[in-house]
2 protein chains.
Amino acid sequence: MNAAPAPARNDKSAVVDAAMRVLSENGLPGLSMRRIADELDVQVSALYWHFPNKQALLAAVSDRIVGDADATSGSEGIAAADAEVVAARLRDRLLAHRDGAEIVSSSLALGLLSLPAHVDLARAGRELGLDDAAAETAADTVVHYVIGYTFHEQQRLYAAVVGAADASVDLAPGQVDERGGSFDAGLRMIVAGIRATAGVS
Amino acid sequence: MNAAPAPARNDKSAVVDAAMRVLSENGLPGLSMRRIADELDVQVSALYWHFPNKQALLAAVSDRIVGDADATSGSEGIAAADAEVVAARLRDRLLAHRDGAEIVSSSLALGLLSLPAHVDLARAGRELGLDDAAAETAADTVVHYVIGYTFHEQQRLYAAVVGAADASVDLAPGQVDERGGSFDAGLRMIVAGIRATAGVS
DNA sequence: ACCTGAACACCGTTCAAGT
DNA sequence: ACCTGAACACCGTTCAAGT
């Protein structure tokens, strides 16, 4: 008999959905609690029922970016993807969302995010013959490289867009070019180092 | 005959000095234009005579952190420091300033900062036998690693300090430990990769 | 369980005007 | 050349209160 339409209340994941929409339209600088609230037709304070603070919400956004629960990480049954493939996949995910690398970078640094890719990378390292500690180090190294490189790249992309519309990028000392293949070249260097450390012939 | 005490007007470097002081006392989150202005006993708007915006001021702070003009970079006369030494030196500089890695990371991503260490790293790569493009890639790779690792580390340090005084770090899923030697291990892996790529025996 | 309304203590940036 | 004063359009967070 409860007839009233129950005016569409939100849950955690609806809030994250809204945040993803705001992110893709406004970027990280425009991703404010107020804009997210507006997207949901709700007061800002309502968001604080779902998340204790903005960083926690950003961590949930980060989870979504790197793939929280779906089929990216092949767990253990699947044939082990090698480090290069895992790294490239992580990069694609970061690039698929505006300012993805920066958001993930800060959630990770704050210890609010665990990366599925990190697990896969450590496993790949062990399969190459590294011991557990060295495999963790190798995974950290690759993750730092991927995020650092992609962060840098996304900022440049944004600056180029602004610059094209704005024509005032005289501050930056140039080279908006840089080969996309440069990512792969650096990645191959790191993987070569991992192999060398593991003593693979 | 101009007698009046000329009430201590500031220049660019005095503004950066003040910013460095505010940074070391309040960290990056507390580094606001208003606090810098207060440190100088000046109105906020006065800062905009010296710098067009906050990012430009942060770039000047970054220059200071990584060593803008002094004797860090051995230019060409001096015996070439190897990549590991250059990287360790960069890390020390970042660690020497609160939130140093994060500040430098964003200035770098925005293209507002050029790293003396990058030049040294590229030279080290060429000396190992890499061609110019590969040497640039190697330098980028090392820089991304050093900044990413140190950023992560500084955030953990801060979280640990806050957590100790605050006892509310239940958000972070643990491991504030992590060996300091892990940085060197990762760095050695990358350098091994550079050597392998260069084909050194 | 989920939200409103209002407030607090801040932000970066601009601009006319002063000396 | 360097700064003031005042304003504009924002922020994240808290909290009593509502349903």
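Just so we're clear, the structure is a prediction, and the values are computed from it rather than from any experiment. In the text below, chain A, chain B and the rest are named by the order of the sequence lines, each starting its count at 1.
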Show each protein N/O and nucleotides 9-11 of chain D N/O combination with a separation under 3.5 Å, one pair to a line.
residue	atom	partner	partner atom	Å
D/dC11	OP1	A/S32	OG	3.0
D/dC11	N4	A/R34	NH2	3.4

For A/R21, check salt bridge (Lys or Arg N to Asp or Glu O under 4.0 Å) against everything at least two apart and list the hits.
A/E39
Mind checking what makes side chain to side chain contact (heavy atoms under 4.5 Å, CB included) contact with A/D11, not counting sequence neighbours?
A/S13, A/A14
The answer to which of B/Q55 and A/L47 contacts DNA chain C further toward the 5' end, by nearest nucleotide, is A/L47
Could you tell me whether the phosphate oxygens of C/dC3, OP1 or OP2, come under 4.0 Å of any side-chain nitrogen or oxygen in A/N10?
yes
Show me the pairs that pass ring pair (Phe, Tyr, Trp, His ring centres under 6.0 Å) and involve residues 10-47 of chain B, at least two apart or across chains.
none
With sequence neighbours excluded, tell me which residues meet side-chain hydrogen bond (donor to acceptor under 3.5 Å, both in side chains) with B/Q43.
none
Side-chain N or O of A/H50 closer than 4.0 Å to phosphate OP1/OP2 of C/dC3
yes
Structure string for DNA chain D in dot-bracket form, Watson-Crick and G-U at under 3.5 Å, | interchain
||.|||||...|||||.||
Results of side chain to side chain contact (heavy atoms under 4.5 Å, CB included) for A/A138 - residues two or more places apart only
A/L130, A/I194, B/M189
Does B/H97 have any side chain to side chain contact (heavy atoms under 4.5 Å, CB included) partners at least two apart in sequence or in another chain, and if so, which?
B/M20, B/I65
Residue list, salt bridge (Lys or Arg N to Asp or Glu O under 4.0 Å) with B/D41, at least two apart or on another chain
none
Could you pull out all residues at least two apart from B/Y48 that satisfy side chain to side chain contact (heavy atoms under 4.5 Å, CB included)?
B/M33
Taking 4.0 angstrom as the limit, do B/D92 and B/R89 come out as a salt bridge?
no
How would you list all residue pairs meeting salt bridge (charged side-chain N to carboxylate O under 4.0 Å, His left out) that involve residues 101-116 of chain A, not counting sequence neighbours?
none
Presence of A/Q43 side-chain N/O under 4.0 Å of C/dC3 phosphate oxygens OP1/OP2
no
Short N/O separations, protein against nucleotides 16-19 of chain C, under 3.5 angstrom:
none

